[in-house]
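Accompanying notes for the structure given below.
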Number of protein chains: 4
Amino acid sequence: MQLGMIGLGRMGANLVRRLMRDGHRCVVYDLDREAVQKLEKEGATAASSLHDLVDKLEKPRNAWLMLPAGVVQSTLDQLAALLDPGDTVIDGGNSYYRDDITRAKQLAPRGVHYVDCGTSGGVWGLERGYCLMIGGEEEAVGRLDPVFRAIAPGTGNAEPTPGRTRTDGTASQGYLHCGPSGAGHFVKMVHNGVEYGMMAAIAEGLGIIKHADAGLRSRSVDAETAPLREPEAYRYEIDVAEVAEVWRRGSVVGSWLVDLVADALSRSPELDDFAGRVSDSGEGRWTVIAAVEESVPAPVISAALTERYESRALGEFRDKVLSAMRGEFGGHAEKAR
Amino acid sequence: MQLGMIGLGRMGANLVRRLMRDGHRCVVYDLDREAVQKLEKEGATAASSLHDLVDKLEKPRNAWLMLPAGVVQSTLDQLAALLDPGDTVIDGGNSYYRDDITRAKQLAPRGVHYVDCGTSGGVWGLERGYCLMIGGEEEAVGRLDPVFRAIAPGTGNAEPTPGRTRTDGTASQGYLHCGPSGAGHFVKMVHNGVEYGMMAAIAEGLGIIKHADAGLRSRSVDAETAPLREPEAYRYEIDVAEVAEVWRRGSVVGSWLVDLVADALSRSPELDDFAGRVSDSGEGRWTVIAAVEESVPAPVISAALTERYESRALGEFRDKVLSAMRGEFGGHAEKAR
Amino acid sequence: MQLGMIGLGRMGANLVRRLMRDGHRCVVYDLDREAVQKLEKEGATAASSLHDLVDKLEKPRNAWLMLPAGVVQSTLDQLAALLDPGDTVIDGGNSYYRDDITRAKQLAPRGVHYVDCGTSGGVWGLERGYCLMIGGEEEAVGRLDPVFRAIAPGTGNAEPTPGRTRTDGTASQGYLHCGPSGAGHFVKMVHNGVEYGMMAAIAEGLGIIKHADAGLRSRSVDAETAPLREPEAYRYEIDVAEVAEVWRRGSVVGSWLVDLVADALSRSPELDDFAGRVSDSGEGRWTVIAAVEESVPAPVISAALTERYESRALGEFRDKVLSAMRGEFGGHAEKAR
Amino acid sequence: MQLGMIGLGRMGANLVRRLMRDGHRCVVYDLDREAVQKLEKEGATAASSLHDLVDKLEKPRNAWLMLPAGVVQSTLDQLAALLDPGDTVIDGGNSYYRDDITRAKQLAPRGVHYVDCGTSGGVWGLERGYCLMIGGEEEAVGRLDPVFRAIAPGTGNAEPTPGRTRTDGTASQGYLHCGPSGAGHFVKMVHNGVEYGMMAAIAEGLGIIKHADAGLRSRSVDAETAPLREPEAYRYEIDVAEVAEVWRRGSVVGSWLVDLVADALSRSPELDDFAGRVSDSGEGRWTVIAAVEESVPAPVISAALTERYESRALGEFRDKVLSAMRGEFGGHAEKAR
């Protein structure tokens, strides 16, 4: 098939590469001309503007947006004005699923299809393939099947699920039509919420192992510091990098995330390049809000989000209030760092 | 009655004052001679050593320890060697209740009674009286009733509990024999756990109100920062000190802690004197451990403790692991502060 | 002043009573005619419809809505159509503050003022007065000052805040103009979030004390049940009702909520009338969402909300997934109840 | 090498099988004679008692305990009395690491070595190999290297860690000597804590996806139930089993646990065989306690443990207290189920 790709950042460019590897033809556009030229050399058709991209696509057109969330709406507005009935826009970025619902409704009267596609895989996707979570009308999604199939990992080296009897469906190929508009980004949003929780569990565990030497370090002895009751139980100096490595094989926590952390620790056991200010980019928040609104308890994902806020010291006023209260009732002075 | 007080810090000294106000006689001892002299001028009998204190007490003796947790055991060991059968030691500090069980067992063969007494009230106790949570044998605790009654607040200006029909018991006077050895400190430990949770709830709430202006401040727009979807919903600049003040009257959250925070904020609305490093001094930890071992869920008290750890940036390695993982899978660079 | 009250449930009716006690005149309306008649007997002017209520109010009119959140919008729509420029609507219920922003904007072009007023105090407000958190334009709020003053507790029996030097403002009278439209309900919303957290802390603490007898009860010994390592540390049978009572006086956790729980436990120590399905009515959820969107960590309030969901067993599918996973990797069969 | 295996449950038996496959000789013992006979048929040497097992082992003996935590101590006591200086006991079960410290100290004077070995892999270990986390003296652990190597997965089908430059060490073979006595079980304990957190993240995420249809179901409209503000945002009926399947390939959350849950859901999409009472067997608790004592924040692992307690409705008294408080201040009646 032919596909237009708008946005040639790391992910957009690699999607194009996977598509071309599989024999699909791509028209590519980005504000950054270098990014366009680079893919042109690899075989893509360069477009110099949205207008040019639309011109170079055969009808019915397929135009894939791979953009930061903040510029999707404005780009979509411009693009939509250029499209014809029967054309399809795919938003492959990290849009909020509620925006998908709105956008699909806005495009529908003009006969333009809108497909939302949550795309997971990060910098490794070129090699591993991308896990795709797709929302939109059956027909529009179905027509794009060759595109999704090319981008997705396929069965890869994951063993078949033993209990699986159904032979239809594409989930075992790494892509899934999850439901109507927004369903793809909804599932991707929750995927990222799960990711936050899993990452936090691993990071906390390694932190606990790192501090298994607490009994070897002296702790201030004063009324403001809880003493370690049994220091002899915390006298281990454990090689955290090796623990991550050993967990990669045969353990219950074996996972791609443990693979990655083992890699990072193998290169830098103390992770000195990092200050520990952990960003969050929206999906975790939206997952927590969805849980609250659906009335389902999700304490772990919620705690994982909060943990990221704490890592950036966003609770400062709260903490001052706590110290102030302690000062009021107990005459506790705050400890100097 | 006559009572020996060992440890004349703020709380020990004020206990002595409340006892003397009520007509009790006190023999006082502290390593700090000035503290001893000060109370001597107020009418107490000064002791120059533990030995001297024991000599000056009439049998059966009552010796109250009001010491930092770290020195209780060594002081108790010295003291115990000087006491006679029938004497009673009261530990009024913040000992771990399990130590009470051990200590009572150690003293029992020698006929020395051990009473544990959780003492709440902080710097305000001299005026308000102290809430006492007491553990130990019925007889030893009963004999000390006049002492406890003098220290406790009495009915004070708290209205009688409407539904209360029982007329026996001392709980409505502000002191309670909770059970055998350790029961007093157990209840005090949990009291402090509850205190952590209540403080955190208030502090978090005021923090949310403080940041109700989030939509007025610009937030970076990049892939690493979640945008505020509806900035127009966060355009309030609310006077947090006045909110604390208004909550003192008629609201559901009315409490001594809200009184205190209103006071602190009235003097310093931004709390600039505090950096927000919130100490914890053991009881919160022990409460969480008790909940875990009893198999009862206590997520709020647990989160309140964690929040204090976060305020002191104790999760640094964990956070570095998180940033490292994000770097691995997403090529996310950590944001500079 | 004269005020129209729409909605004569417990809170609406008691607001009317406090206003009339203070010499204000009230026109009252409710779908329930009995509720109207009851207040008519107490001196209010009965209205038979919204139309009638509007007719009976002098211009500029003041109409206070005290309705369940679900019917506010429809009632407001009907009422607004009957009002004239210069009239004021007060929403005293638990509306979402974002709706206030919208509603104020909708009424503004017609010259009708909109004031949002978070009202705390529950069934005790008639006697204690209601804590009022108010949002809206300065002028409209200012004009209603006599009404707010009558409803609020006044200084009551709360001592003045020691550090407070400012003598202006109404916070020390129990009511506060918090800011523009929505600010009142915003502060009330967070108040309820704080309330959730404080309630949870108290309830968890009493739960831990209740189960201090864990070592006296036998626990199954099998691979599916974690054994209690030191049962001798959990052999207390503590009178929870008496603990709540003693905490009322002199302790750091002293609060109206502890007063209430002491009352409930004094009447029913095992709380057998309750099954423990704890409802939540919106404000806690909105507080958590506000914290997430503002990027401030509020783990305690968040955990308190989650705890209520858990109490209603809303995590059932999640828990089945957990059991299923345990079955898969460990061959663990789920334990029968 | 020759090894004695005491305890022939699923894991003990499979360890023997992996050892025999690799050419090691095993003497096996269990109270259950059938279990012994079964392995005898597969080539193991049967022992009829601990005494017999010790007799049949060549010196220096290696005896591996694979027993429920509750019977380790008593079995070890009996066994130790039969061993000679130079012999080694390996505890491969889920003992608390503090017990390892004690046990190693008890055996040391008699010249008997003690090695603790956390063993992960569950029912799949026979095929996949077991991830081993080992504690004890260098010499004793080193001597057992062939045994550990046979049990561990080896490099298996996990790719080498790209950044890994060190070529020594056994972590990349799936087993690791973590440190002195207790270090193995410490790391295994934390592994299980991480496992709790990862499982919870996955389960919560699937729960949120399952309930993405909240807007399609009616929710009671009353003051006790928070309404769903935007039901149109929750109208997805998503096939949760397919989501788990698609996440297996190319996604960031790809993991053995997702493999397992995909399998469970492929066989039973509603998981009707489970009631959702999730057991915990000690390690999660101990991990939380370790974090508390080390002063490191671990909110996610802590929440995951709490979630299991909630799934078994262990917060009942707490929840009754909450309902009672709501009744007191708001006159809220508890909703019938």
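Naming convention: chains lettered A, B, ... in sequence-line order (proteins, then strands); numbering from 1 in each chain. None of the values given here were measured: they were computed from a predicted structure.
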| remark: Cut-off 4.5 Å, heavy atoms of chain C, and the answer for B/Arg166 is side chain

| query | Taking every heavy-atom pair that is under 4.5 Å apart, which of B/Pro297, B/Gly125, B/Gly154, B/Gly179 has the most such pairs with chain C? | reply | B/Gly154

| said: At a heavy-atom distance under 4.5 Å, which candidate from B/Gly182, B/Ala291, B/Ala200 has the highest pair count against chain C? | reply: B/Gly182

| field | Partner chain B: residue of C/Ser268, C/Ser172, C/Gly193 with the largest heavy-atom pair count (under 4.5 Å) | value | C/Ser172

| message | Can you tell me which portion of B/Ile101 sits under 4.5 Å from chain C's heavy atoms? Options are side chain, backbone, both or neither. | response | side chain

| Counting heavy-atom pairs under 4.5 Å to chain B, which of C/Ala298, C/Ser120, C/Ala171, C/Gly129 comes out on top? | C/Ala171

| field | Top contributor to chain C contacts, counting heavy-atom pairs under 4.5 Å, from B/Thr119, B/Asp259, B/Val296, B/Thr165 | value | B/Val296

| query | With only heavy atoms counted, which part of B/Leu260 is less than 4.5 Å from chain C, the side chain, the backbone, both or neither? | reply | neither

| Residue pair C/Glu204 / B/Ile301: nearest heavy atoms and the distance that separates them | OE1-N, 2.9 Å

| field | B/Met133 portion near chain C, given a 4.5 angstrom heavy-atom threshold | value | side chain

| message | Taking side chain as everything from C-beta outward and backbone as N, CA, C, O, which of these in B/Glu230 sits under 4.5 Å from a heavy atom of chain C? Side chain, backbone, both or neither. | response | side chain

| said: Ignoring hydrogens, what is the shortest heavy-atom contact between B/Ala304 and C/Val300? Give both atom names and the distance. | reply: N-CG2, 3.5 Å

| said: Using every non-hydrogen atom in the two residues, find where B/Val194 and C/Gly205 come nearest and quote the distance to one decimal. | reply: CG2-CA, 3.6 Å

| Will you find, in the side chains of B/Arg248 and C/Thr161, an N or O donor that is under 3.5 Å from an N or O acceptor? | yes

| request: Heavy-atom distances under 4.5 Å only: say whether C/Met199 touches chain B with side chain, backbone, both or neither. | output: neither

| Side chain, backbone, both or neither: which part of B/Val187 has a non-hydrogen atom closer than 4.5 Å to chain C? | both

| request: Heavy atoms only, distances under 4.5 angstrom: which of B/Gly197, B/Ser255, B/Ala152, B/Gly163 has the most pairs with chain C? Name it, please. | output: B/Gly163

| remark: Closest heavy-atom pair, C/Pro162 versus B/Trp124, reported as atoms and distance to 0.1 Å, is CG-CH2, 4.3 Å

| message | Measuring only between side-chain heavy atoms, which start at C-beta, is C/Thr306 closer than 4.5 Å to B/Pro299? | response | no

| task | Please assess C/Glu242 against B/Arg164 for the test salt bridge (charged side-chain N to carboxylate O under 4.0 Å, His left out), listing each intermediate value before the final yes or no. | result | CA-CA 10 Å; C/Glu242 291 296 87; B/Arg164 191 172 173 85; 2.9 Å; yes

| said: Between C/Thr102 and chain B, with a heavy-atom cut-off of 4.5 Å, which part of the residue counts as in contact: side chain, backbone, both or neither? | reply: neither

| chain B interface, residue from C/Ala244, C/Gly169, C/Ala183, C/Gly135 that has the most non-hydrogen pairs under 4.5 Å | C/Ala183

| field | When B/Val190, B/Ile208, B/Ile209 are compared by non-hydrogen pairs under 4.5 Å with chain C, the top option | value | B/Ile208

| In Å and rounded to the nearest 0.5 Å, what is the CD to CD distance from B/Gln173 to C/Glu245? | 9.5 Å

| remark: Of the listed C/His191, C/Glu307, C/Arg128, the one with the largest count of heavy-atom pairs under 4.5 Å with chain B is C/His191

| said: Assess whether a salt bridge exists between C/Lys210 and B/Glu294, defined as any Lys/Arg side-chain N lying under 4.0 Å from an Asp/Glu carboxylate O. | reply: no

| task | Verify the neighbour count for atom CD of B/Glu138: are there more than 12 heavy atoms of other residues, nucleotides or ligands below 6.0 Å? | result | no

| Among the listed options C/Tyr236, C/Trp247, C/Trp256, the residue most often paired with chain B at heavy-atom distances under 4.5 Å | C/Tyr236

| query | What orientation do C/Tyr234 and B/Phe186 show, parallel under 30°, tilted 30 to 60°, or perpendicular over 60°? | reply | perpendicular

| Side chain / backbone / both / neither for C/Leu265 at chain B, heavy atoms under 4.5 Å | neither

| request: Would you give the length of the straight line joining atom SG of B/Cys178 to atom CD of C/Glu237, rounded to the nearest 0.5 angstrom? | output: 14.0 Å

| note | Tightest non-hydrogen contact, residues B/Ile202 and C/Met198, listed as CG1-SD, 4.1 Å

| field | Separation of C/Arg249 CZ from B/Leu176 CG (nearest 0.5 Å) | value | 12.0 Å

| field | Largest heavy-atom contact set with chain C, pairs under 4.5 Å, which of B/Leu257, B/Val252, B/Val258, B/Ile238 | value | B/Val252

| request: Among the options C/Ala290, C/Ser302, C/Gly207, pick out the one with the most heavy-atom pairs lying under 4.5 Å from chain B. | output: C/Ala290

| note | In this structure, OG of B/Ser251 is separated from OH of C/Tyr130 (nearest 0.5 Å) by 14.0 Å

